[in-house]
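In what follows, a single structure is set out as structure tokens and then discussed.
Numbers here simply count residues along the sequence, with the first being 1. Computed from heavy atoms alone, side chains included, the values below leave out hydrogens, waters and symmetry copies.
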Amino acid sequence: MPPGADSTTPLGSGSGLASPPRGLAKFGCARCRQHHLKCDRVTPTCGRCLHAAEVCIPPGLKIREPSKQKFKFANKQKWVKTPRRLVFIDESQTAIHDASSPESGPDEAEPAWDSPVIVSEALSHKTPSSSTSLSPFRAQSPPDNRLRLMMISSVVNPPVSTWPLTNPEEANLFRHFVSRLAMWLDLCDPNHTFEIVVPQRARESPVLLKAMFALAARHLGQTRPPGQLKDTYNQLADMYNEACINIMKSILGSNNYEPAWTENLFAATIILQVMEEMNAGLNDGNDDAGTDLDKKEALHRGHLPGMYRFVRERSFEPGTLGAASFWVGLRQEIYSAVTKRQPVCLNLVHPGLVDRSPTETDDYAWANLAVVHCADVLNFCFGSERQQQQRWEELDAFNRKWSDKHPRSYDPVFREPKGAGIIFPEIWYHRSCQVIGLQHHRLARLFLLEQRIKSGISMVPEMKRGLEEEIRDNVREICGIGRGNQWTPPGMFTACMAISAFGNYFDKVEEQDAMLAILEQTQRDHARPTESVRLEMLKAWGRRG
């Protein structure tokens, strides 16, 4: 098993070798106190110092009872800022025993989830090498109680990655990822790598397994109605996300790192980035208050810098997990570039993987060709080339060639006739790659048209109005494709991208309302945050929220 795997030993259990009995000190050791960690007070060496191979030093401090002291704070007292979402864990031996005991009922010794009993130490990236499994939870416990207990047991004593899964809630998260979320990633992949290969690799790769759990928990947390179960799933997602990142740190910092692990790390980064895109929906308008610009940028970029590293340092062979991750990562980067109006940062020079020749080929490759073209257009519009008329003409010619030469399979299965009351006529396709390919082709067209309007080239008012109407037609087309193919949710995501970038060109209230409905449905059904886009559009249209 690679270093950093989440097979762990309970703190203080040592290496499994026979050791003499050890007593308990009255207070925690100096090292644990310095790092604000809970010490098990075992002497002469506590569990944390034993695991870290550090000298365990007695505190040498006299602890006074605070009951008779009165604390007064100045009006200008500065306080440490804490995240909005905190997970409080009762690490007392009674709570640990009750959480792991099959004899304990669902309401026995269960800590109040919203009371600050003891803040647990975050999962350390220095995890021990073996673990003692906890007993299974009682089947009759309510689902939310089982999730609570799973969170307590996973933080206090992280479970071994065993196969088959024995925890029903983890199995539920695993199934939810495979059946509901993998399709988001396999849009243009004939091998369905994230649906088939990733779950198989997750049997032996804790980093992939934790990433799957994190995304599934976040999606369930964001699509559930308000209530305790919703909050618990979101807390569970945070826990698995942190565990996954700690495993990544441990693997990348290991002297025994093997390049063969790169694909698993790359794929896990891609999965976590999907979760990061959902996370924006967890924030309100005050979350970034007092945060410096560098930290804000880091929060907004999520796992994209990690993705850049993998793509910069490696070239992936077609048909591999690395290649599948690259194409997903490119679509994620396009999403980021469109919403932030910036160039695509991903390395697009990968001979054998990225081909820009519009020749007769299969539907999947044709869709990826449209995705690469969209990235090229974004780099032109937001990079240093935007003033070069010749480059615009080259991209415009390619855009038209893609439309003229696309396979007949890209003709729609059904197109709703235009009529009274129909704002975005539904357009049906039978493959997700066709949906994504056509939408990205039209998205690229939109940016080319807008760049022509903004280029400063003199044009008569009729020509400008014609370009603006062509922009509206392409947005209608993208929205119609998204609404007509809701069996593949990313079609709705792309529609939201088009609305965010070009919704300001619409001045009819009925069309504006139809776009607002798409934004609201996408956030409600698929946990994609669109509230900020909705507010921006209302402001651009001069309407109140």
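Put simply, the side chain of L516 reaches to within 4.5 Å of the side chain of W541, judged on heavy atoms. At a threshold of 4.5 Å between non-hydrogen side-chain atoms, the residues V328 and F194 count as touching. Annotation: side chain of E531 is in contact with side chain of Q523 (closest heavy-atom distance under 4.5 Å). N172 is listed as a side-chain neighbour of L220, based on a closest heavy-atom distance under 4.5 Å. At least one side-chain heavy atom of N241 sits under 4.5 Å from a side-chain heavy atom of I245. When side chains are defined from C-beta on, R445 counts as touching E470, because their heavy atoms get closer than 4.5 Å. At least one side-chain heavy atom of C496 sits under 4.5 Å from a side-chain heavy atom of I518. Under the 4.5 Å side-chain criterion, counting only non-hydrogen atoms from C-beta, Q521 is in contact with D525.
Residues G437 and A370 share a closest heavy-atom pair of O-CB, 3.3 Å. Residues A214 and L272 approach most closely at CB-CD2, 4.2 Å, considering heavy atoms. Scanning all heavy atoms of the two residues, the minimum distance from R224 to K230 falls at O-NZ, 3.2 Å. Among all heavy-atom pairs drawn from T359 and W366, the shortest one is O-CZ3, 2.9 Å. Nearest approach of A501 to F447, heavy atoms of both residues: CB-CZ, 4.1 Å. Residues E317 and A323 share a closest heavy-atom pair of O-CB, 3.2 Å.
With salt bridges taken as basic N to acidic carboxylate O contacts below 4.0 Å, none links E536 and R543. A salt bridge is absent between K401 and D404; no separation between the charged side-chain nitrogens and carboxylate oxygens falls under 4.0 Å. Residues D396 and R400 are paired through a salt bridge, judged by an N-O separation under 4.0 Å between the basic side chain and the carboxylate. In this structure, E477 pairs ionically with R415, as a charged nitrogen and a carboxylate oxygen lie closer than 4.0 Å.
Residue W327 is tested with L187, V372, L185 for a side chain to side chain contact (heavy atoms under 4.5 Å, CB included); the sole match is V372.
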Could you walk me through whether E520 and T530 pass the side-chain contact (heavy atoms from CB on, under 4.5 Å) test, one step at a time?
CA-CA 7 Å; E520 292 168 359; T530 61; 5.9 Å; no
What's the verdict on side-chain contact (heavy atoms from CB on, under 4.5 Å) for K340 and Y335, showing C-alpha distance, side-chain angles and the deciding distance?
CA-CA 9 Å; K340 298 174 185 175; Y335 172 84; over 6 Å; no
Evaluate the side-chain contact (heavy atoms from CB on, under 4.5 Å) criterion for residues M492 and L519: first the C-alpha distance (whole Å), next the side-chain angles of each, then the deciding distance (0.1 Å), finally the verdict.
CA-CA 8 Å; M492 294 287 281; L519 294 173; over 6 Å; no
How far apart are the C-alpha atoms of K249 and E242, what are their side-chain angles, what is the distance that settles it, and do they pass the salt bridge (charged side-chain N to carboxylate O under 4.0 Å, His left out) test?
CA-CA 11 Å; K249 290 178 180 178; E242 184 172 5; over 6 Å; no
Any chance you could lay out the side-chain contact (heavy atoms from CB on, under 4.5 Å) test for V198 and R201, step after step, and finish with the verdict?
CA-CA 5 Å; V198 167; R201 289 202 181 191; 5.8 Å; no
Before giving the answer on salt bridge (charged side-chain N to carboxylate O under 4.0 Å, His left out), spell out for R472 and E511 the whole-Å C-alpha distance, their side-chain angles and the decisive distance to 0.1 Å.
CA-CA 10 Å; R472 287 188 286 270; E511 290 183 318; 5.8 Å; no
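Under the 3.5 Å distance criterion, the side-chain polar atoms of Q512 are matched with a main-chain donor or acceptor of F506. Looking at N485, its side chain does come within 3.5 Å of a backbone N or O of I481 through a donor-acceptor pair. Under the 3.5 Å distance criterion, the side-chain polar atoms of T494 are matched with a main-chain donor or acceptor of P490. Here the side chain of Q222 pairs no donor or acceptor atom with the backbone of H526 at under 3.5 angstrom. Between the side chain of S250 and the backbone N or O of N246 there is no donor-acceptor pair closer than 3.5 Å. Remark: the backbone N or O of E170 is paired with a side-chain donor or acceptor of N167 at under 3.5 angstrom. A donor-acceptor contact shorter than 3.5 Å links the side chain of E416 to the backbone of E426. With hydrogens and angles disregarded, a donor-acceptor distance shorter than 3.5 Å links the side chain of E263 to the backbone of G322. A donor-acceptor contact shorter than 3.5 Å is absent between the side chain of N191 and the backbone of T193. With N399 contributing its side chain and H441 its backbone, the two residues share a donor-acceptor pair below 3.5 Å.
The environment of CZ in R341 is crowded: more than 12 heavy-atom neighbours from other residues, nucleotides or ligands sit within 6.0 Å. Within 6.0 Å of the CZ atom in R180, the count of heavy atoms belonging to other residues, nucleotides or ligands does not exceed 12.
Side chains of Y505 and E469: no donor on one and acceptor on the other come within 3.5 Å. Between the side chains of Y240 and R218, not a single donor N or O lies within less than 3.5 Å of an accepting N or O. If you check the side chains of Q486 and R483, you find no donor sitting under 3.5 Å from an acceptor.
With ring centers used as reference points, F326 lies 6.0 Å or more from F266. In this structure, H373 has its ring center at least 6.0 angstrom away from the ring center of H440.
We find the CD1-CG distance between I334 and L346 to be 9.5 Å, quoted to the nearest 0.5 Å. Atom CD1 of residue I478 and atom CD1 of residue I499 lie 9.5 Å apart, to the nearest 0.5 angstrom. To the nearest 0.5 Å, atoms CZ (F174) and CG (L165) are separated by 6.5 Å. We find the CG-SG distance between L448 and C381 to be 5.5 Å, quoted to the nearest 0.5 Å. Atom CE in M212 sits 5.0 Å away from atom CZ in F177 (nearest 0.5 Å). A distance of 8.5 Å separates CG in N368 from CG in D189, rounded to the nearest 0.5 Å.
Ring-plane geometry between Y410 and W402 is classed as perpendicular, the angle between the planes exceeding 60 degrees on a 0 to 90 degree scale with a lower cut at 30.
The cationic atom of R528 (NZ for Lys, CZ for Arg) lies less than 6.0 Å from the six-membered ring centre of F493 and within 45° of the ring axis.
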